[in-house]
Undergrad: 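Sharing a structure, written as structure tokens. Questions coming.
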Amino acid sequence: MLAALLALTFLLGCFPMADFDVWWHLRTGQLILERGEVPRTDWFTYTNATRPWIDLYWLFQVGLALLFRAGGASALVLLKATSGTAIVALSLIARRRGGRPGPSWLHGCPPW
């Protein structure tokens with residue numbers, strides 16, 4: 001049953017990227033690799049081109065760009081599906097042994 005749940009989780013994650021922020025992060029990662037520096041100003045907004053900008057996600061963006069370079073959009077979809085499956089698996093492992101699934105108030109205990 002658990003293997004089926006994890007397989008279903010993986011398969012449900014195998015669809016094209018729908019979040020447009022992924023492409024923004026991907027392009028930033030590509031520019032970091034091309035220029036050899038992390039942006040200190042906003043590279044994309046012409047109205048704020050000189051304002052300081054702290055890119056908190058630069059390491060993720062570089063990793064995303066390297067993954068895209070190696071396997072294209074399919075590699076990004078596989079990363080997404082694998083990450084989702086890993087989260088579900090870790091949640092199942094972290095669950096208390098013998099504990100009932102779901103919130104305690106569903107089982108007669110008050111929520112406080």
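Heads up: numbering here begins at 1 and tracks the sequence.
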Undergrad: Considering all heavy atoms of both residues, which atom of Thr41 and which atom of Thr50 are nearest to each other, and what is their separation?
TA: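 Nearest heavy atoms, Thr41 then Thr50: CG2-O, 4.0 Å.
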Undergrad: Same cluster or not: Phe68 versus Met17, using hydrophobic residues (I, L, V, M, F, W, Y) connected whenever any side-chain heavy atoms lie under 4.5 Å apart?
TA: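 Yes, same cluster.
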Undergrad: Evaluate whether atom CD1 of Ile54 has more than 12 neighbouring non-hydrogen atoms of other residues, nucleotides or ligands under 6.0 angstrom away.
TA: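 12 or below, so no.
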Undergrad: State, to 0.1 Å, how close Thr45 and Asp42 come at their nearest heavy-atom pair, and which atoms those are.
TA: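 Scanning both residues, the minimum pair turns out to be OG1-OD2, 2.8 Å.
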Undergrad: Heavy-atom count around Arg35 CZ within 6.0 Å, excluding the residue itself: above 12?
TA: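 Correct, the count exceeds 12.
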Undergrad: Can you find a pair of side-chain heavy atoms, one from Thr82 and one from Phe10, that are under 4.5 Å apart?
TA: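 Yes, their side chains come closer than 4.5 Å.
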Undergrad: Applying a strict under-4.5 Å side-chain criterion to I, L, V, M, F, W and Y, I'd like to know whether Leu6 and Leu12 cluster together.
TA: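 As far as the 4.5 Å side-chain criterion goes, Leu12 and Leu6 are not connected within one cluster.
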Undergrad: So, taking the atom named CD1 in Ile87 and the one named OG1 in Thr9, what distance separates them when rounded to the nearest 0.5 Å?
TA: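 It is 10.5 Å, given to the nearest 0.5 Å.
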Undergrad: Filter on side-chain hydrogen bond (donor to acceptor under 3.5 Å, both in side chains), then keep only pairs touching residues 11-23, sequence neighbours left out; what's left?
TA: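 Every candidate side-chain hydrogen bond (donor to acceptor under 3.5 Å, both in side chains) pair involving residues 11-23 fails, so no pair, neighbours aside, qualifies.
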Undergrad: Atom OG1 in Thr28, atom OH in Tyr57: separation rounded to 0.5 Å?
TA: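 Answer rounded to 0.5 Å: 12.0 Å.
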Undergrad: What are the two closest heavy atoms between Ala65 and Gln30, and how far apart are they?
TA: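 Looks like CB-N, 3.6 Å.
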Undergrad: Of all the heavy-atom pairs spanning Pro16 and Val77, show the shortest one and how long it is.
TA: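 Nearest pair, atom of Pro16 first, then Val77: CA-CG2, 4.2 Å.
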Undergrad: What is the distance from atom NZ of Lys80 to atom CG of Leu78, rounded to the nearest 0.5 Å?
TA: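 Here the interatomic distance stands at 9.5 Å.
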Undergrad: Linking directly or through intermediates, with side-chain heavy atoms under 4.5 Å: list the remaining ILVMFWY members grouped with Val38, chain and number order.
TA: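 Under the 4.5 Å side-chain rule, Val38 groups with Trp24, Leu31, Ile32, Leu33, Trp43, Phe44, Trp58, Leu59, Val62, Leu66.
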